[in-house]
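Structure first, commentary second.
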Amino acid sequence: MAATGHADTNIGHGVLIEAVGRALSAHGRAVLTGPAGAGKTEVAHAVAAAAESRRETVLRLAPEAADLHIPEASAAALLARVPRSVLDRLAGPQRAAIALLRREADAPRAGRDHVALRLALAEVLRTLAAPGPLLLLVDNAQWLDAESADLLRYALRLTPPRVRVLVAERAQGAAPAAETLCGPGAPAVRVPALGADEVAELLLRHGLPARLAGRIHQASGGNPRLALALGHSLAEAAGSQGARIHHADPLPVSGQAREVARRLLAEAPAHTRPTLLLAALADRPTTALLRRAGRPDAEAELAEAERAALVTVGEDGAVTFTAGALPTALAADAGWPERSAGHAALAAAVGDPVQAVRHRALAVDTPDAELADGITRAADACRRRGQRALAAELGLLAAERTPADRPAEELARLVAAAEDAGWAGRADLARRATRAVLARDASPAQRVRARLAVIDAAGQALAALDETFAFACAEADAADDPSLLAAVQLRIAWKHNLSDGDPVRSRDAAAEAGALAKAGGDQVAEAMALTVRARMGRILADPDAEDILAEALALPAPEVPLGMRNAPQYLAVRHALFDDRLADARSRLLVLLPAVQRTGSAEDVFEVLRSLTEVELRRGACVLGAAHARRALELTIEAGLSPGPAWYVAATAEAAGGSFARAAAYARRGIRASEEEHDQVFLSRGLYALGTVELATGEAAKAVATLRRVAELERAQQVVDPSILRWHGELAEALVAADDPGGAVALLDAVTPVARALERGPVLAALDRARGLALAAQGEPEPAVALLQDTVRRFEALGLPLERGRTLLALARVERRRRRRAPARAALQDAAEVFERAGARPWLALARENAPETCVPHPGAAALTDAEARLALLVGGGASNQEAAAKLFLSVKTVEARLTRIYQKLDVRSRAQLATALRGH
């Protein structure tokens, strides 16, 4: 009866497991419900494992579908798990009844004694519960045969309260097995779908790419079994193609994934399948649309599908599949005649002319010039609406329906489809259109435009496109068009920055792109090239960077075809943010947000939301910042964008106004995703977010290691300006906390002249906060206090409340070490007020935790450094030197040397005395 290992029991189920435990403690009975693959088994096994860890007995039963029609099959399986020693204690008739049920060789040949069998099962349960509580776990209770259910119902009526029952059953309206075993009114706990973050964790545990978590969450609806099947299907598809699957590609609903989807769909009655297929083929299905398309009983059939957890039907009749893989599987399993008839019915039923044309195109598979022209007009309409992904799909359909005697029209439609797909970030559609262009007699210019679309659709993941870049360069040379050459060089400049982390090469490529664009009269491309030069100039501390940006802003500013994120107007916002001109940055962003929402570019909208998040957090509006971060993360998941940037944004919002633990989890996911995509820019940012959290939560050694990785990446990327990613002060503070104030001073002495020369006032203030802590650690508390007090005033003047609050915390720490309790208390109180006004919950908790009444009362404790205090608390709490060394990422020798200093400062001679000295902390 040992527990089986389940790798995924802790993903999203912690609260659920506790809820089941409470229900069992209070009522003795509990029911777990949820659709197939939701994780009921994993939760049940986790509850059972917890019971076994308390030395309780667990008896498991897990019938299968084939058992449902075999009388007493489940009862026999349950008794087969009971130790022989328990069965041998039964009275003769009871033992004989069980032997007959188990079909033992020496079983009596006489007829079965049903009363004896019932009493025997009750006695077995009583015996197993005699030493302590017994948990009877019945998984897949929907497959329990009626005779076994009746036997168990009778036996459980005769058992003491020490026998507890947990039933896991698929939710399909009524729950007969659960009610039979647990009685009416037993508490039911439903297993909810996993969130996108939990899907990411599930994928990571199974060695699958976390960057696809958003797409897999959308396709699986948070069903763990389907999510894993999709992940494995994806890995198999990537292996068979010998290439990476892009984060925006539709997931392959094939192999194991299709089987899981089919099993889920089989939960609904067969007569609902035609209605579900129509809903799968429609773009925005509603009950009214399905009725008009020939399904008069759509409401009733969808209600049955809703009970099977396949769809949800809104109050307005909108139909949504619970998992994106379900409509894909429905369409794939339907034959061409069914799909054609379905599209024809929908074409006559929909009100949107664009969708009507789309369905008419999908209902036939032969060329039709008139239809192709109509599809092209529909694609133009979608482009005007900002629906670029739909425009790309329609463009491909128009090309497929173009007669063979119109090759020029077909090529133009394919190139336009590729460019729409590039704008929308649909790498699958861009590649499909580009393959078709390259297979035809296309001009060099058409080939270049198609290849550029593939590059544009890749988002942050440019590292794997070297071959595409090379072909685009060669074909642009052949076209002898400076505008095309400029477009290629512009994208090379982006790649050098994002994937290669080389701002010098990026700046040089942008300069070449700008010259070519000017020669070709392309002012939009020229402005974007100047924008890249200005961005790289800021990184490299080029004194001409602002002049270059002003030159870009002076050019005409039409709608930017390659995204607002690459426009000078947006870079001006970023520079305002780097300079902490927050009101200016915020007002510009609030103008840009509706503009980018109209363009239909998810990446543009994300970029604006990212900057809004950063602005709101810097100015101390943590609630607003968190709201923008949530929208950015939701958009990333919906649009299938690279998740690394979104997880970084979520980490910063959580670190400021949510939870340090959640911030660290987001940061780690962002780091993994950026590493997978070779995105050096957001890898640095993810590590920075993680290091800041580790510093705040007292994990100084970890913070030093993490922030040193940031320093190495920034050096490799030749970043000079310290205002872009402000890791220098954080690393210096971490070094002080890790008992290396000398290292902190060396770092500060190196970066301060650069910040001063560039007039980066907020950066200098952060560096001075770290310097104040270093001075205090080096035995100079008076100048440390003076510097920190001055820094508090500077941050207040700069309008940076969170930085001011952090500096007040540092000041309180130094004052407490000087044994000046009143100034320490005043600084902490001021910090708490700052954090409370800003909605900075984790920092507010930190200020309250450090209140004087919770500090170490020993008179010598004020002399301990932060690093010594952490070690003292660990050792005083019973940790060995080896355990403390592992926890603090130190060598055992360092721990021993530090303990010697602690003993001297506290005037103690043993661990017991140390524990006594620290009592009350």
Side-chain angles (χ1 to χ4, degrees), residues 215 218-219 221 248-251 253 261 273-295 298-299 301-302 305 310-334 336 338-365 371-372 374-401 417 420-421 423-426 428-429 432 597 600 602 635 637-640:
R215 303 290 294 174
Q218 200 173 41
D249 289 353
L251 299 181
V253 184
R273 185 61 68 97
T275 298
L276 289 174
L277 176 60
L278 269 184
L281 298 177
D283 180 51
R284 289 186 177 86
T286 63
T287 51
L289 173 63
L290 298 176
R291 282 199 308 272
R292 291 198 302 272
R295 302 301 301 173
E299 280 94 346
E301 291 166 345
L302 289 169
L310 300 179
V311 299
T312 58
V313 182
E315 291 183 5
D316 59 352
V319 181
T320 306
F321 282 90
T322 54
L326 298 178
T328 304
L330 277 164
D333 284 347
W336 163 250
E338 289 177 278
R339 291 198 303 274
S340 175
H343 283 300
L346 288 167
V350 295
D352 181 0
V354 169
Q355 286 298 324
V357 169
R358 172 177 167 269
H359 285 300
R360 281 203 301 275
L362 290 168
V364 299
D365 60 354
L371 179 57
I375 302 169
T376 300
R377 289 191 294 272
D380 293 338
C382 290
R383 205 171 293 118
R384 289 192 297 271
R385 296 177 188 174
Q387 299 173 317
R388 300 299 281 260
L390 181 54
E393 292 180 31
L394 290 170
L396 281 164
L397 273 174
E400 289 170 4
R401 301 296 177 265
D420 285 327
W423 176 283
R426 284 294 301 271
D428 59 317
L429 297 179
R432 183 175 146 199
Q597 286 173 331
L635 175 68
I637 292 166
E638 289 168 8

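Numbering starts at 1 and runs along the sequence shown.
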Legend entry - Interatomic spacing from CZ in R377 to CG in L394 - rounded to 0.5 Å: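 Answer rounded to 0.5 Å: 12.5 Å.
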Legend entry - Gap between atom CZ of R401 and atom CG of L362 - 0.5 Å precision: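 Spacing of CG (L362) from CZ (R401) equals 6.5 Å.
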Quick one: closest heavy-atom pair of [X] and [Y], and the distance?
{"X": "C382", "Y": "V354", "answer": "SG-CG1, 3.6 Å"}
{"X": "A329", "Y": "A261", "answer": "CB-CB, 3.8 Å"}
{"X": "A331", "Y": "L281", "answer": "CB-CD2, 4.3 Å"}
{"X": "A424", "Y": "A389", "answer": "CB-N, 3.6 Å"}
{"X": "A398", "Y": "A372", "answer": "O-CB, 3.6 Å"}
{"X": "A391", "Y": "A379", "answer": "CB-O, 3.7 Å"}

Taking side-chain contact (heavy atoms from CB on, under 4.5 Å) as the definition, give me every residue that meets it alongside [X], ordered by chain and number, with sequence neighbours left out.
{"X": "R284", "value": "none"}
{"X": "R432", "value": "L396, E400, L429, R435"}
{"X": "A349", "value": "L289, R292, A293"}
{"X": "P274", "value": "R295"}

[X] versus [Y]: any side-chain heavy-atom pair under 4.5 Å?
{"X": "H343", "Y": "V364", "answer": "no"}
{"X": "V350", "Y": "D283", "answer": "no"}
{"X": "L290", "Y": "L302", "answer": "yes"}

Inset, instruction - Only pairs at least two apart or in different chains count here, so list each salt bridge (charged side-chain N to carboxylate O under 4.0 Å, His left out) that has a residue in residues 344-353. - result: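 Pairs touching residues 344-353 that pass the test: D352-R385.
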Legend entry - salt bridge (charged side-chain N to carboxylate O under 4.0 Å, His left out): pairs with one or both residues in residues 356-365, sequence neighbours excluded: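 For residues 356-365, and leaving out neighbouring residues, there are no salt bridge (charged side-chain N to carboxylate O under 4.0 Å, His left out) pairs at all.
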Legend entry - Set of side-chain hydrogen bond (donor to acceptor under 3.5 Å, both in side chains) partners for R291, sequence neighbours left out: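 Listed in chain order: E299.
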Inset, instruction - Could you pull out all residues at least two apart from R383 that satisfy side-chain hydrogen bond (donor to acceptor under 3.5 Å, both in side chains)? - result: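 Checked R383 against side-chain hydrogen bond (donor to acceptor under 3.5 Å, both in side chains); matches are D380, D420.
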Give every donor-acceptor pair under 3.5 Å between a side-chain atom in residues 310-327 and any protein atom, sequence neighbours left out.
unit_1, atom_1, unit_2, atom_2, d
D316, OD1, A318, N, 3.1
T322, OG1, A309, O, 2.9
T322, OG1, L310, O, 3.1

Inset, instruction - For the pair Q355 and L390, evaluate side-chain contact (heavy atoms from CB on, under 4.5 Å) and give the outcome as yes or no after the intermediate values. - result: CA-CA 10 Å; Q355 286 298 324; L390 181 54; 3.7 Å; yes
Inset, instruction - Look at the side chain of R426 and the backbone N and O of A392, then say whether any donor-acceptor pair between them is shorter than 3.5 Å. - result: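 Checked: no pair found.
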